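Heads up: the structure comes next, in structure tokens.
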Amino acid sequence: MAVTDAPHIVQLGVDDAIAGLALSTEAHWNQTDEDWRIFLRDGVVFGIRDGMRLVATAALLPYSGNNAWISMVLVSGTHRRRGFATRLVDACLETARQNGLTSWLDATPDGAAVYGPLGFTPTLQLRRLKLLKPARAEAPPSSSGTIEALRARDRRATGFDRTALLSAFAQRSGSRIVGANGAIALVRDGRTARHIGPLLADNAAAALALVDAIVRSETSPLLLDAVASQAAFLEGLTAVGWTIERPFQRMRFGPATVTGEEMPFAVAGPEFG
């Protein structure tokens, strides 16, 4: 296809949530319709259509402190290897540049191979873990956390103020914030599994204890995106049946603008699948 024949990049709106969900479902991601609406409402989402069909997307979600997150980088299997992902990420980067934003993303191994040549630098290594949990649920943990505590702890760990995003997640039906013994986590619905994250704790033992309490009060499959350098936490999870599905790489485009004061045990990504 000649350059002049390349399909146009368009900016998507909230009416495109169902079409976006079809793309993430095809990729076996865990996003819901509500996740897409957050990006379409609060961020800038670019897409490429083939006729009326949406075949590729990428989103830019601004955060505090002149930062933004790139996510929802998806291309239908029928339209891959045409450079669509690169073009859409370039559109996100240009929008970020025009607004003075440093861009971040969580990349799959295949994605990291695309983003590296574009100028992204690796930061955190992450591991997606899954627990199939058909057991009968016990009573929920007696100690619950607050959105204020979660927001403050999340900001110390990430350097970002994500109050609006975390509040939107916490207010959904089925979501809950759980805290005990210096640990706090958000549990929310996904398309095929419940997701734990972010998870912040004083130490690995407290983090593992909170995950155990969450697991005992859930009946659905669970996902968790753990920080790879938290070795004791990862080992504790795999010892009780969690399996590592795949790695992820957190990456940054441009200079570091934020520094976390503590290391999270699990993040809410890949933003936020």
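Predicted model, so just to flag it, every value in this text is computed and none were measured. Along the sequence shown, residues carry numbers from 1.
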Please tell me if the side chains of [X] and [Y] come closer than 4.5 Å, counting only heavy atoms from C-beta onward.
X	Y	value
Leu105	Phe120	yes
Gln171	Ser175	no
Val215	Leu131	yes
Thr108	Phe248	yes
Phe84	Val89	no
Val178	Leu210	yes
Leu200	Arg156	no
Leu208	Leu237	yes

NZ/NE/NH1/NH2 to OD/OE distance under 4.0 Å, [X] and [Y]:
X	Y	result
Asp189	Arg194	yes
Asp50	Arg82	no
Glu245	Arg127	no
Asp16	Arg49	yes
Glu218	Arg176	yes
Arg97	Asp90	no

Please report the closest heavy-atom contact between [X] and [Y], naming both atoms and the distance.
X	Y	value
Ala68	Leu101	CB-CD1, 3.8 Å
Ile70	Leu60	CG1-CD1, 3.7 Å
Ala193	Leu223	CB-CG, 3.8 Å
Ala268	Arg188	O-NH2, 3.6 Å
Ile214	Ala185	CD1-CB, 4.2 Å
Ala206	Asn181	CB-O, 3.5 Å

Aromatic contact, Trp104 with Phe160 (centres under 6.0 Å):
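Yes: the rings meet the under 6.0 Å criterion.
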Q.
Walk me through whether Leu224 and Phe233 qualify under side-chain contact (heavy atoms from CB on, under 4.5 Å).
A. CA-CA 12 Å; Leu224 183 152; Phe233 180 61; 4.0 Å; yes
Whether [X] side chain and [Y] backbone form a donor-acceptor pair below 3.5 Å:
X	Y	answer
Ser24	Gln31	no
Thr86	Gly83	no
Arg162	Arg151	no
Thr102	Asn67	no
Arg153	Ala201	yes
Asn99	Thr95	yes
Glu26	Gly77	yes

| query | Is there a side-chain contact (heavy atoms from CB on, under 4.5 Å) between Thr243 and Leu129 once you walk through the steps? | reply | CA-CA 5 Å; Thr243 58; Leu129 291 96; over 6 Å; no
* Residues in side-chain contact (heavy atoms from CB on, under 4.5 Å) with Asp33, at least two apart? ->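 Testing Asp33 for side-chain contact (heavy atoms from CB on, under 4.5 Å), a comparison that skips the adjacent residues, returns Ala17, Ile18, Leu21, Arg37.
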With no hydrogens and no angle check, just 3.5 Å: does a side-chain donor-acceptor pair link Gln125 and Ser229?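 No - no donor-acceptor pair under 3.5 Å links their side chains.
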Next on the checklist: One pair to check against side-chain contact (heavy atoms from CB on, under 4.5 Å): Phe46 and Leu12. What are the steps and the verdict?
Outcome noted: CA-CA 6 Å; Phe46 296 105; Leu12 304 179; over 6 Å; no
[atom1]-[atom2] distance between [X] and [Y], expressed to the nearest 0.5 angstrom:
X	Y	atom1	atom2	value
Leu124	Thr158	CG	OG1	10.5 Å
Leu61	Ser103	CG	OG	11.0 Å
Phe169	His195	CZ	NE2	9.0 Å
Asp35	Ser71	CG	OG	9.0 Å
Leu166	Arg155	CG	CZ	12.0 Å
Leu74	His79	CG	NE2	14.0 Å

- prompt: Does the pair Leu126 and Gln249 meet the rule for a side-chain contact (heavy atoms from CB on, under 4.5 Å), with working shown?
  reply: CA-CA 6 Å; Leu126 306 170; Gln249 175 69 67; over 6 Å; no
